[in-house]
Structures are given as structure tokens and as C-alpha cells.
Protein chains: 2
Amino acid sequence: MSGERTMRRMSQESGKRRRPERRVSGQVQREVMQLILDRRLRAGAPLPTEIELMETLGVSRNSVREALKALQALDIVEIRHGYGTYVGQASLTPLVDGLTFRTLARHDGDGAALAEILQVREVLEVGLIRRVAAVLSDAELDRLESVVTRMEEAGRAGRRFPELDREFHEALYGPLGNALVPQLLGAFWTVFRRVSGARGWHDDPAPELTARRHRDIVTALRAHDVESAQRALAVHFRGIEARAAQESRGVG
Amino acid sequence: MSGERTMRRMSQESGKRRRPERRVSGQVQREVMQLILDRRLRAGAPLPTEIELMETLGVSRNSVREALKALQALDIVEIRHGYGTYVGQASLTPLVDGLTFRTLARHDGDGAALAEILQVREVLEVGLIRRVAAVLSDAELDRLESVVTRMEEAGRAGRRFPELDREFHEALYGPLGNALVPQLLGAFWTVFRRVSGARGWHDDPAPELTARRHRDIVTALRAHDVESAQRALAVHFRGIEARAAQESRGVG
DNA sequence: ACCTATTTGTGCGTATGTATA
DNA sequence: TTATACATACGCACAAATAGG
């Protein structure tokens with residue numbers, strides 16, 4: 001076919017060009033979500049192409065793309081350039097993004113927003129460790145201990161170990177069988193890290209002490225001493241709060 | 001200034017139409033977020049128009065709109081048709097949407113995903129009520145009691161009171177001073193309601209009993225009996241779980 | 001290694017709805 | 001009522017990425 005731009009598209013004559021259907025914004029998003037639910041599409045399953053969606057839903061490609069972008073932000077769909085669109089994991093990344101933004105936007109200086117997140121984390125962990133203690137197997141305790149050992153090694157070498165810290169808390173609450181818990185705690189953990197980084201805070205100034213706090217938790221769990229475990233956990237959080245408070249004073 | 005739209009901007013002739021600059025997807029979103037942070041824009045503050053954004057960021061209108069749609073899904077911006085774009089509340093609505101979708105998508109039948117959400121709610125509330133009990137004023141207790149009284153009135157009339165239930169839990173944890181807590185609990189509450197509704201579950205079959213559970217909580221708090229309050233709260237959750245389990249059996 | 005078809009990404013022009021003045 | 005400014009929607013053309021022949 002010739003590269004002709006063809007006519008500037010009648011516009012005026014033959015007029016009317018069917019009206020835009022006045023679709024409420026967000027309608028397409030809901031329709032795509034409903035399509036996934038109706039077809040029982042699992043995470044990773046391919047979605048119809050944009051062309052198919054615009055035909056199925058009777059909207060333009062731009063509208064389809066805007067809806068898909070919104071769903072992508074919610075991790076409900078995953079878009080791969082030049083390949084296709086797929087059902088997403090519906091993870092808690094939107095929560096991470098939203099909480100990070102709002103914590104940074106609330107330029108309170110004294111880190112009150114971070115303290116709120118820490119409080120929620122602490123209440124959750126202290127409450128959950130009681131239930132975890134009842135179901136932890138020896139193998140799972142061994143795994144926790146191996147993480148702590150690696151922490152101690154890193155601490156002696158003066159290195160920090162943020163990944164080990166995250167791994168510890170995930171391994172601690174994984175055995176609960178509640179998939180939401182590790183994701184939620186991980187989300188709060190990530191928000192804390194990102195905000196700390198964005199504010200230029202220093203890393204853990206006493207990694208050896210941090211490693212010991214975790215050792216105390218495992219020791220208490222081995223002894224099936226729930227109260228001790230809760231106390232050790234609380235002490236751990238006091239340490240985090242103290243660091244955050246110090247940094248806030250230093251910067252604010 | 002003349003309203004001249006000026007030249008139609010060469011497009012066809014003078015060829016080549018400057019290359020798209022290979023902008024990674026999501027880049028524009030981050031730039032808009034950074035713009036809000038840099039300019040210290042508060043929630044409700046107006047954002048630059050789409051035209052200004054496309055000029056500032058050097059991208060097309062479509063790219064700007066897709067980025068704004070994604071940010072709207074995260075409640076980071078709020079778009080008002082024909083009016084303008086504003087900084088959003090950064091609420092937890094993305095969490096609600098994501099959790100609702102993922103709970104509905106996980107067609108497990110036995111409502112395991114809902115049980116996970118309930119467990120998180122319970123751990124949070126039981127853990128927090130200890131801290132709340134220490135700061136609750138008489139006026140706040142009166143407010144809680146008035147909600148319970150309205151529950152009882154509704155219960156005697158055989159009416160349900162989902163809004164009062166939500167109001168109770170918000171009034172209970174509001175005095176903590178942690179703005180994240182009521183939003184988080186409210187998010188879980190909303191997800192539970194939406195999923196229940198989508199699955200066609202019945203409403204509370206025994207509203208009078210539910211009202212009494214709440215009365216028990218207030219009574220314990222008035223007596224400064226934290227353990228009793230925690231027990232009453234746990235009993236309340238046992239009731240919710242029982243209803244959910246019954247509905248799951250009935251439907252699944 | 002090259003080509004091609006498919007699919008998503010980007011840019012542009014334009015018509016229309018909506019709110020404000 | 002009119003005018004203006006803005007967001008919303010549609011359609012098209014082309015760029016870029018990916019998979020497969």
C-alpha cells in the first residue's frame with residue numbers, strides 16, 4: 001500500500017463519527033478485571049492483545065492502554081514490550097509504592113510516619129510470634145539459626161546485612177501458612193528501607209548488636225519461651241526506633 | 001498573549017519527526033512523583049496540566065496520560081474530568097483493590113484467603129487494644145458506647161449495621177494517634193465486605209449477638225481490664241470466622 | 001544472520017464532554 | 001448564554017522489542 005496519508009479522514013462530511021460513548025473512567029479497568037475472573041485466568045496466563053481487547057470492549061486502543069497501565073500499577077497485569085500482556089501476581093507492590101510516596105511526601109522531619117509503620121510491624125510480629133512458636137519445626141529453627149549465624153559472621157567483619165534481616169523475618173513467619181503475613185511484613189520492611197535510603201540515613205551502626213538481638217529470638221523460640229521471644233522482639237524494635245529517632249534528629 | 005496555536009508543527013515535511021528518546025516505561029510516573037515531592041505539593045494541590053507536563057517532561061500526551069492513570073490507580077494523583085489533576089490522598093485504596101482482586105481470583109472455595117486477612121486483622125486489633133486501653137479518655141469511651149447503643153437498637157429491630165461496625169473499630173483505634181492503623185484495618189474490613197458481597201453471602205444472621213460482643217469490649221475497656229478486652233475481641237473474631245466458614249461450606 | 005509477523009510503546013491530530021467564569 | 005480551559009476519547013502512523021522461520 002502506498003504511504004499515502006490518505007484523506008484527513010472525513011471529519012466534517014459523513015459527519016458524526018460515532019460519539020465517544022461517554023465511558024466512565026475506570027470502567028474498562030473493571031471490565032478487564034472481570035474478564036480475568038470470568039475466564040479463571042491464573043497469574044502468568046496471557047491476556048487478549050490490545051487489539052482484541054479494544055474489539056471486545058468496544059473502546060479505542062488508547063483507552064485499553066490506559067486501563068492496562070492502571071492495572072499494571074496494581075500488579076494485576078504484567079505488560080511485556082513486544083510480547084504480550086499477562087495476569088500479574090497481585091502482590092503488595094502497590095502498597096509499597098503508595099506508602100513510600102506518602103511517607104516521603106509527609107515531610108514531617110521527625111519521622112512520625114515511619115514510626116507509625118514500625119508500630120504496625122511490631123504489633124504484628126509480637127502477636128504472630130506466639131502462633132509461630134506453636135508450629136515451628138526443628139528444621140525451621142535450624143534455618144533461622146543459620147541465618148543468625150551468617151549475621152554474626154557479617155557483624156564480626158563489620159558488614160551490614162539488610163538482606164539477612166529480611167530473610168530472617170520471612171523465614172520466621174513463613175511456617176504460619178498465612179501467605180499474606182510475609183508479604184505484608186516484607187512490604188513494611190521495604191518501605192522503611194526505601195525511605196531511609198531516600199533520606200540518606202546511615203546503615204546499622206552496630207551490626208553485631210543487631211545479630212545478637214536475632215540470636216536472642218531464636219534462643220527463646222528453641223526453649224518454647226513465648227514471652228521471652230516477644231520481649232526479644234520488642235527489644236529489637238526498640239533498637240530500630242532508636243536509630244530512626246537519632247537519624248531524624250540529625251537530619252531534621 | 002495571542003491565542004494562536006501557531007504552526008501545525010511540521011510532522012510530515014521536514015521529515016524524521018524527532019525520535020522517541022527511548023523512555024523506559026514507568027519513567028514518566030517516577031518523574032511526576034518526584035515533581036510532587038520536589039515542589040512539596042500537598043494532597044489536594046493542583047498538578048501541572050497535561051500540556052505542561054508533556055512540555056516539562058518532553059513526552060507526548062499519551063505517555064503523560066498513561067502515567068497519570070497509573071498514579072491515579074495508586075491514589076497518588078486524582079483526576080477530575082474537565083477540571084484538572086490534583087495530588088491524591090495516597091490512601092490504601094490500591095491495597096483494597098489488589099487484595100479484593102487477588103482474593104476473588106484465588107478461587108479456593110474454602111475461603112482460605114479471607115481467613116488469612118481475618119487473622120491479620122485479629123492479631124493487629126488484639127495487639128493494639130492493649131495500647132489503646134492506656135490512652136482512651138472517658139469522652140472516647142462514651143463515643144464507643146454510643147455506637148454500641150445504636151448497634152443494639154438496630155439489632156432489636158432486626159437490622160444489620162455494617163457501617164456501625166466499621167465506625168466502632170475506627171473510633172476504637174483512632175485515639176492511638178497512628179493514622180496508618182485505622183486505614184489499614186479499614187482496608188481489610190472493606191476487602192472482607194466486598195468479597196462477601198461478590199460471593200453472595202448473607203448478612204450477619206445474629207445482629208443482637210454481634211452488638212453484645214461489642215458491648216463486652218467497651219465494658220472491659222471501661223474497667224481497664226485489658227485481658228478481658230482482648231478476650232472479647234477474640235470472641236468477636238471467632239464469630240466472624242464461624243460465619244465465613246459456614247458460608248464457604250454452603251457455597252463451595 | 002536475516003527477515004517477517006505480532007505485539008507493545010510513542011507521538012500527533014482532532015472532536016467532545018465538563019466545569020468555571 | 002457564551003467563552004475558555006481542561007480532561008476524555010478516538011483514530012492513525014510509526015518505533016521498538018520479541019519470537020520464530
Side-chain angles (χ1 to χ4, degrees), chain A residues 1-29 31-32 46-73 77-88, chain B residues 1-29 31-32 46-72 77-86 88:
Chain A
M1 63 292 293
S2 68
E4 275 309 321
R5 239 329 178 276
T6 52
M7 27 75 226
R8 241 343 1 149
R9 197 149 66 281
M10 17 94 200
S11 288
Q12 355 263 55
E13 64 266 351
S14 131
K16 257 56 253 230
R17 152 203 237 165
R18 64 189 161 298
R19 60 222 166 291
E21 285 291 343
R22 199 86 308 275
R23 242 186 235 271
V24 199
S25 186
Q27 177 77 18
V28 183
Q29 296 174 32
E31 288 176 347
V32 173
L47 248 63
T49 68
E50 296 179 349
I51 306 287
E52 290 174 317
L53 282 177
M54 58 184 278
E55 290 167 350
T56 302
L57 305 179
V59 296
S60 76
R61 185 161 168 237
N62 277 345
S63 300
V64 169
R65 287 185 53 76
E66 287 173 7
L68 290 179
K69 281 288 185 180
L71 293 176
Q72 182 186 39
V77 308
E78 181 188 349
I79 305 176
R80 299 184 206 167
H81 187 169
Y83 193 44
T85 307
Y86 298 81
V87 179
Chain B
M1 65 309 276
S2 69
E4 277 310 322
R5 240 330 176 264
T6 53
M7 30 73 221
R8 258 307 46 120
R9 200 131 78 279
M10 17 63 199
S11 287
Q12 358 255 57
E13 61 267 347
S14 131
K16 257 43 262 219
R17 134 203 251 169
R18 60 189 163 295
R19 60 223 167 289
E21 285 289 345
R22 193 79 307 274
R23 229 178 251 268
V24 204
S25 184
Q27 178 77 16
V28 182
Q29 295 174 31
E31 288 177 346
V32 173
L47 248 63
T49 68
E50 296 181 349
I51 306 282
E52 289 172 318
L53 282 176
M54 58 185 280
E55 289 169 351
T56 301
L57 305 179
V59 295
S60 77
R61 188 183 211 107
N62 275 344
S63 302
V64 169
R65 287 185 53 76
E66 287 174 5
L68 290 180
K69 281 288 185 179
L71 292 176
Q72 183 186 37
V77 309
E78 182 187 350
I79 304 176
R80 298 184 207 167
H81 187 160
Y83 193 45
T85 307
Y86 298 81

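Just so we're clear, the structure is a prediction, and the values are computed from it rather than from any experiment. Sequence lines set the chain letters: A, B, ... in the order given, protein chains first and strands last, and positions in each chain run from 1.
Minimum interatomic distance between B:Ile51 and B:Arg61 (heavy atoms only, all atoms of both residues): CD1-NH1, 3.2 Å. Closest approach of A:Glu50 and A:Leu68 over heavy atoms only: CG-CD1, 4.1 Å. Taking all atoms of both residues into account, the shortest heavy-atom contact from B:Leu71 to B:Gln29 is CD1-O, 4.0 Å. Closest of all the heavy-atom pairs between A:Ile79 and A:Gln72 is CB-NE2, 3.7 Å.
Among the heavy atoms of the strands, none lies under 4.0 Å from A:Ile51. Base contact: A:Arg65 has a heavy atom under 4.0 Å from a base atom.
Look at CG on B:Leu47: it is 14 Å from C1' on D:dC6, rounded to the nearest Å. If you take CD of A:Glu66 and P of C:dT8, they are 16 Å apart, rounded to a whole angstrom. Atom P of nucleotide D:dT8 and atom CD of A:Gln27 are separated by 15 Å, given to the nearest angstrom. D:dC6 atom C1' lies 9 Å from atom OH of B:Tyr86, rounded to whole Å. Distance CD (A:Glu50) to P (D:dT18): 15 Å, rounded to an integer number of Å. Atom CG in B:Leu57 sits about 11 Å away from atom P in C:dG11, given to the nearest Å. Between the C1' atom of C:dT8 and the CG atom of A:Leu68 lies a distance of 10 Å, rounded to the nearest Å. Regarding A:Tyr83, its OH atom lies at a distance of 22 Å from the P atom of C:dT4, rounded to whole Å.
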Review point. For B:Val28 and B:Leu53, what are the C-alpha separation, side-chain angles and deciding distance, and is it a side-chain contact (heavy atoms from CB on, under 4.5 Å)?
Key: CA-CA 10 Å; B:Val28 182; B:Leu53 282 176; over 6 Å; no
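In this structure, of D:dT8, D:dA9, C:dG9, it is C:dG9 that holds the atom nearest to the side chain of A:Lys69. For B:Ser60, the side-chain atoms get nearest to C:dG11 when compared with the rest of D:dA7, C:dG9, C:dG11. Distance from the side chain of A:His81 is smallest to C:dT8 among D:dC10, C:dT20, C:dT8.
Judged by distance alone, with hydrogens and angles left aside, A:Arg61 brings a side-chain donor or acceptor within reach of the base of C:dG9, the pair sitting under 3.5 Å. Between the base of C:dG9 and the side chain of B:Asn62 there is no donor-acceptor pair shorter than 3.5 Å.
In this structure, A:Arg80 and A:Ser63 both approach DNA chain D, and ranking their closest nucleotides by distance from the 5' end singles out A:Ser63.
Listed pair B:Thr85 / D:dC6 fails the phosphate criterion, with no side-chain N or O lying under 4.0 Å from OP1 or OP2.
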